[in-house]
Amino acid sequence: MLSLNEHNKILKIVNRFSLVYQIMSTLIQVYFIITNISLELIIRYSTMLLVHCHCMCAMIFLSIFEKNIIDLDSFFTDFAWSIDTAGEVTARNIKSTSVKINRIIYVVLGVNLIIMIIYFPLCGDQSELFIWERVCDHYFGVWSKLFYHIYFATIPSMVYSGVRLGFILIYVIWNMKNQVLLIIAYILKISDDFDDLDDLQKLHSVQYQKAIFKRLCLCIKHHISLKRYDKNILFICNSLISPQSSKIFYL
């Protein structure tokens with residue numbers, strides 16, 4: 001999900017072409033609506049144009065912050081604790097919830113795939129939802145069919161970018177939640193290997209004090225890494241909401 005297209009030049013070229021084509025086609029559609037403005041055009045096609053604008057903004061955002069998101073994922077991989085450190089019960093709960101989330105994501109992707117297939121011209125006339133056919137006939141004449149089919153051929157990559165942005169946010173939030181749960185589970189069993197000592201013996205045991213100190217330092221270090229991870233997530237989210245308020249990205 002986070003690998004994006006960093007190592008696949010063909011996919012990057014396809015996505016860039018799709019983005020440019022969709023931006024140009026959207027501008028032409030808006031121009032057509034403005035020059036032929038009517039309540040019927042606005043009511044019928046504005047919703048689909050807004051959905052397209054959302055997907056295009058997501059695609060632009062992912063293109064700009066592609067390297068940042070990959071670096072963020074690499075940073076998380078470097079400091080993250082394995083779920084095995086939490087104990088059997090916590091690890092089983094995390095795995096169970098992860099499976100449920102993955103199933104939901106697969107269902108959403110499947111539904112989007114079915115919808116995209118239904119919206120393809122091969123499945124019938126799409127002029128009730130997309131104004132692009134009327135625009136092509138108006139501006140491109142005999143070339144209208146070519147531009148019309150290119151438009152629908154570039155939609156899948158754009159729609160995928162739109163839903164992928166939400167999945168990336170789910171992914172990073174779920175990672176943070178799991179790491180916090182691991183810290184809590186680790187602290188709860190931090191002295192389990194000293195259960196043979198009573199409270200007085202623990203108080204006067206140098207070995208116990210040093211072991212607990214080292215383990216707490218490990219938790220604090222991990223919590224600091226999580227705060228840095230959280231800070232970088234907030235940077236990316238703030239950049240999406242308000243680019244002018246963004247600061248330099250640090251890891």
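- Partners of T90 according to the side chain to side chain donor-acceptor pair (under 3.5 Å) rule, which considers only residues two or more places apart in sequence or in another chain, do not exist here.
- Between the side chain of Q179 and the main chain of W81, a donor-acceptor pair closer than 3.5 Å is present.
- Cluster annotation: L146 is not connected to V20 through the hydrophobic network of ILVMFWY side chains, with a link wherever side-chain heavy atoms come within less than 4.5 Å.
- Using a 4.5 Å cut-off between side-chain heavy atoms of Ile, Leu, Val, Met, Phe, Trp and Tyr, I224 falls into a hydrophobic cluster with I220.
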Return a table of donor-acceptor pairs under 3.5 angstrom between the side chains of residues 51-61 and protein atoms on other chains or two or more places apart.
unit_1, atom_1, unit_2, atom_2, d
H52, ND1, M48, O, 3.2
H52, NE2, Y151, OH, 2.9

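- S46 is linked by a side chain to side chain donor-acceptor pair (under 3.5 Å) to nothing, counting only residues two or more places apart in sequence or in another chain.
- Residue pairs that meet the side chain to side chain donor-acceptor pair (under 3.5 Å) test with at least one member in residues 102-111, sequence neighbours left out, do not exist here.
- Residues W174 and I94 have side chains in contact (heavy-atom distance under 4.5 Å, counting atoms from C-beta outward).
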Give the table of side-chain donor-acceptor pairs shorter than 3.5 Å for residues 27-34, with sequence neighbours excluded, one pair per line with atom names and distance.
unit_1, atom_1, unit_2, atom_2, d
Q29, NE2, S25, O, 3.2

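- Cluster partners of L234, using a side-chain heavy-atom cutoff of under 4.5 Å among ILVMFWY residues and allowing indirect links: none.
- Not a single donor-acceptor pair under 3.5 Å links the side chain of H223 to the backbone N or O of C219.
- Residues Y160 and L109 form a side-chain contact, since some pair of their non-hydrogen atoms from C-beta on lies under 4.5 Å apart.
- By the side-chain contact (heavy atoms from CB on, under 4.5 Å) test, K95 pairs with I83, sequence neighbours left out.
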Could you go through the side chain to side chain contact (heavy atoms under 4.5 Å, CB included) check for F213 and L216 one step at a time? CA-CA 5 Å; F213 175 77; L216 287 175; 6.0 Å; no
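- Residue L226 holds its CG atom at 14.5 Å from NZ of K177, rounded to the nearest 0.5 Å.
- Residues V107 and V99 do not share a hydrophobic cluster, defined by chaining ILVMFWY side chains whose heavy atoms lie under 4.5 Å apart.
- Atom CG of L218 sits about 9.0 Å away from atom CD1 of I183, to the nearest 0.5 Å.
- Side chain of Y21 to backbone of F147: a donor-acceptor contact under 3.5 angstrom is found.
- Taking each heavy atom of N36 and L41 in turn, the nearest pair found is O-CD1, 3.0 Å.
- When the side chain to side chain donor-acceptor pair (under 3.5 Å) test is applied to N93, no partner is found at least two apart in sequence or on another chain.
- V172 has its side chain out of reach of F76: every pair of non-hydrogen atoms, C-beta onward, lies at least 4.5 Å apart.
- Residues F152 and F17 share a hydrophobic cluster, clusters being chains of Ile/Leu/Val/Met/Phe/Trp/Tyr side chains in contact below 4.5 Å.
- With side-chain heavy atoms closer than 4.5 Å counting as contact, directly or through intermediates, the hydrophobic cluster containing I43 also holds L39.
- Residue pairs that meet the salt bridge (Lys or Arg N to Asp or Glu O under 4.0 Å) test with at least one member in residues 39-55, sequence neighbours left out, are E40-R44, E40-R134, R44-E128.
- Y139 and M24 are members of different hydrophobic clusters when ILVMFWY side chains are connected at heavy-atom separations under 4.5 Å.
- Residues satisfying the side-chain contact (heavy atoms from CB on, under 4.5 Å) criterion with K221, sequence neighbours excluded, are absent altogether.
- Counting all heavy atoms, side chain and backbone alike, F130 lies closest to Y45 at C-CE2, 3.5 Å.
- Put simply, I101 and I173 are part of the same group of oily side chains (I, L, V, M, F, W, Y) that touch within less than 4.5 Å, one to the next.
- No side-chain heavy atom of R228 sits less than 4.5 Å from a side-chain heavy atom of F79.
- The heavy-atom pair separating C136 from Y148 by the smallest distance is SG-N, 3.9 Å.
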